[in-house]
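All remarks here apply to the structure that follows.
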Amino acid sequence: MHLILWAEDAETELRAEVAQSLPSARVRPQAPALLELEFELRPHDPLPHLAFCRQFLPDVREVRADSIRAWTAAVFPALVQLVPEGNPWSLHVVPHYGERTEHHIGARAWHSLKHRTGRLAPPPRGQTSPDAGQHRCRLIREAMVDLLRQKRRHLLRHLRPEPVPFTPDDSLVQLLLTRPNHGFLSVAQAPLPFAQRHLLSPFPKGDVPAASDKQAPSRAFNKLVEAETRLGRAIQPGETCVDLGAAPGSWTYVALNRGAQVTAVDRSPLRDDLMDHPGLRFLRGDAFQFEPRQSVDWLLCDVIAPPERSAELLLGWLQKRWCRHFVVTLKLKDASAGALLPRLKQNLPPLTHLLFLTRLSANKKELCAFGHAAGRPDSLRPDAF
Ligand SMILES: C[S@@+](CC[C@H](N)C(=O)[O-])C[C@H]1O[C@@H](n2cnc3c(N)ncnc32)[C@H](O)[C@@H]1O
């Protein structure tokens, strides 16, 4: 049995994706925002892209425990037995309480309520806050680390202190508490987290913390920073970027700060200080008409346009090998991605070496496609402007 957490208010979309991409999977709601899936998972067979999945917990087992000590006792043996020694691993201990035990409505009732009202019912007053369980989870994690220090120092030495992109040697242990005394344990042994990294996040519950930069022209800079973080590949000094739909200039701002050369295309100018930046070439015009003179390192595209147009643009750039890396947002008109997603899931993988097709933590209404293009463009020169 596996669990998936869906991105904000995207249950319907995720269910449609699962039905389309994993037709033989048995699906059951487990808790708010949490679906249980039954299907055979082979570590080396890549799972389909599920754009509305926020985190994947493979091969979960149910755990019940009444105290911090009992939680540690229940989880420790599995951890010691399953985490490969001498290799890096990560430990997520996170709450996902939804409603509380005593007065809570069950998952089924919650779903039928959501179905009837068309929206998520707010938790009953005084019951659950988004922070519920954080403290308990912190204590469980600390107790596990203490026990490792006493009994398995070599395992503790390889525990990752911070989330970093998975390598083929990385394992991931996730403990998700759905109530103070109930939860699920998932141990994903290497190389599964790396092989399925389009669905498994090194960040607890797949939530990438928002970066903060008061100098950026807008909060949109967060989207690009999150994509870089999840890729494990930031824009490098001297790299070339094309930023389509660039105004007011947050993405360009990030790229220029990294030392890149940026061609920005928009119908409106960027913020004044950016327009004067020596690393910028600004072109006023239509992003969809722009063609680079040479292949570039990065295609950045955040144009407000129908998602089908942005998707076509991305496919065109990849087919023509105009970029090595890409970050492209797809602005969904209504919540649904209709026929677009199946087409992208079919057409993007052959053109990419690494692909994320997902809803970023930083974008609530859009999807984002980012990754590395397949192969290497021939005419890649940093001075190709
Ligand atoms: C969401 S904003 C981009 C924000 C930008 N990424 C940032 O970080 O500041 C979308 C931009 O797309 C531009 N835009 C919309 N259609 C366009 C088109 N056909 N060609 C060029 N720019 C376009 C708009 O002018 C707008 O500035």
Side-chain angles (χ1 to χ4, degrees), residues 7-8 51 208-231 233-236 239-277 279-293 296-317 320 322-323 325-335 337 340 356-371 385:
E8 292 80 9
V208 182
S212 139
D213 184 342
K214 294 205 166 68
Q215 310 301 316
S218 73
R219 286 197 359 221
F221 84 96
N222 248 310
K223 297 190 277 184
L224 179 55
V225 172
E226 181 178 337
E228 287 179 315
T229 306
R230 291 177 64 172
L231 269 178
R233 171 67 165 82
I235 298 169
Q236 299 295 308
E239 287 191 327
T240 51
C241 303
V242 165
D243 185 2
L244 301 178
S250 288
W251 287 23
T252 290
Y253 166 88
V254 171
L256 290 172
N257 277 354
R258 305 242 188 278
Q261 301 284 306
V262 182
T263 298
V265 184
D266 204 299
R267 294 201 169 109
S268 313
L270 312 190
R271 198 173 69 184
D272 289 350
D273 58 314
L274 297 173
M275 294 296 275
D276 296 334
H277 195 291
L280 178 80
R281 180 168 74 121
F282 176 74
L283 301 175
R284 191 186 288 264
D286 184 357
F288 294 97
Q289 300 299 320
F290 175 80
E291 294 193 356
R293 290 184 218 148
V296 295
D297 292 301
W298 290 83
L299 164 66
L300 311 176
C301 177
D302 193 24
V303 178
I304 295 180
E308 294 78 12
R309 279 199 90 190
S310 302
E312 283 310 321
L313 182 141
L314 171 59
L315 287 167
W317 272 68
K320 291 170 198 144
W322 280 349
C323 60
H325 316 282
F326 58 91
V327 182
V328 175
T329 56
L330 304 163
K331 320 272 181 195
L332 304 181
K333 274 169 273 178
D334 42 36
L340 178 66
F356 291 85
L357 181 58
T358 186
R359 176 173 282 186
L360 296 172
S361 299
N363 56 14
K364 309 291 181 211
K365 295 284 175 220
E366 341 172 319
L367 293 182
C368 191
F370 54 99
F385 275 66

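Quick note: residue numbers are just sequence positions, from 1. Start at 1 and go down the list; that is how both ligands and their atoms are numbered. Given the structure is predicted, the values throughout are model-derived calculations rather than measurements.
Heavy-atom separations between Trp251 and ligand 1 include at least one value shorter than 4.0 Å.
Among Leu224, Asp302, Leu367, the single residue meeting the side chain to side chain contact (heavy atoms under 4.5 Å, CB included) criterion with Thr329 is Asp302. Across Leu313, Val265, Val242, a single residue satisfies side chain to side chain contact (heavy atoms under 4.5 Å, CB included) together with Cys301, and that is Leu313.
Of the listed options Asp266, Asp243, Asn222, Asp266 places a heavy atom closest to atom 25 (O) of ligand 1. Counting heavy atoms only, Ala247 comes closest to atom 4 (C) of ligand 1 of the residues Ala247, Ser250, Gly249. Of the candidates Val303, Leu274, Asp302, it is Asp302 that places a heavy atom closest to atom 1 (C) of ligand 1.
If you look at Ala246 next to ligand 1, the close heavy atoms, those under 4.0 Å, all belong to the backbone. With a heavy-atom cut-off of 4.0 Å, Phe288 touches ligand 1 through its side chain alone.
Atoms of ligand 1 lying under 4.0 Å from at least one heavy atom of Pro248, given by number and element, are 9 (O). Residue Ala287 approaches ligand 1 through these ligand atoms, each under 4.0 Å from one of its heavy atoms: 18 (C), 20 (N), 21 (C). Near Gly285, meaning under 4.0 Å from any of its heavy atoms, are these atoms of ligand 1: 20 (N), 21 (C).
Within the 4.5 Å cutoff, the side chain of Ser250 has no heavy atoms near those of the Arg219 side chain.
The pair Lys320-Glu291 does not count as a salt bridge, with every side-chain nitrogen at least 4.0 angstrom from each carboxylate oxygen.
Of all non-hydrogen atoms in Ala287 and Val303, the two that sit nearest each other are CB-CG2, 3.7 Å.
Summary of contacts: the protein heavy atom closest to atom 19 (N) of ligand 1 is Asp286 OD1, 2.9 Å.
Residue Asp276 qualifies as enclosed at atom CG: its count of foreign heavy atoms under 6.0 Å is above 12.
For the pair Arg230 and Phe370, the cation-pi criterion (under 6.0 Å, within 45° of the ring axis) is not fulfilled.
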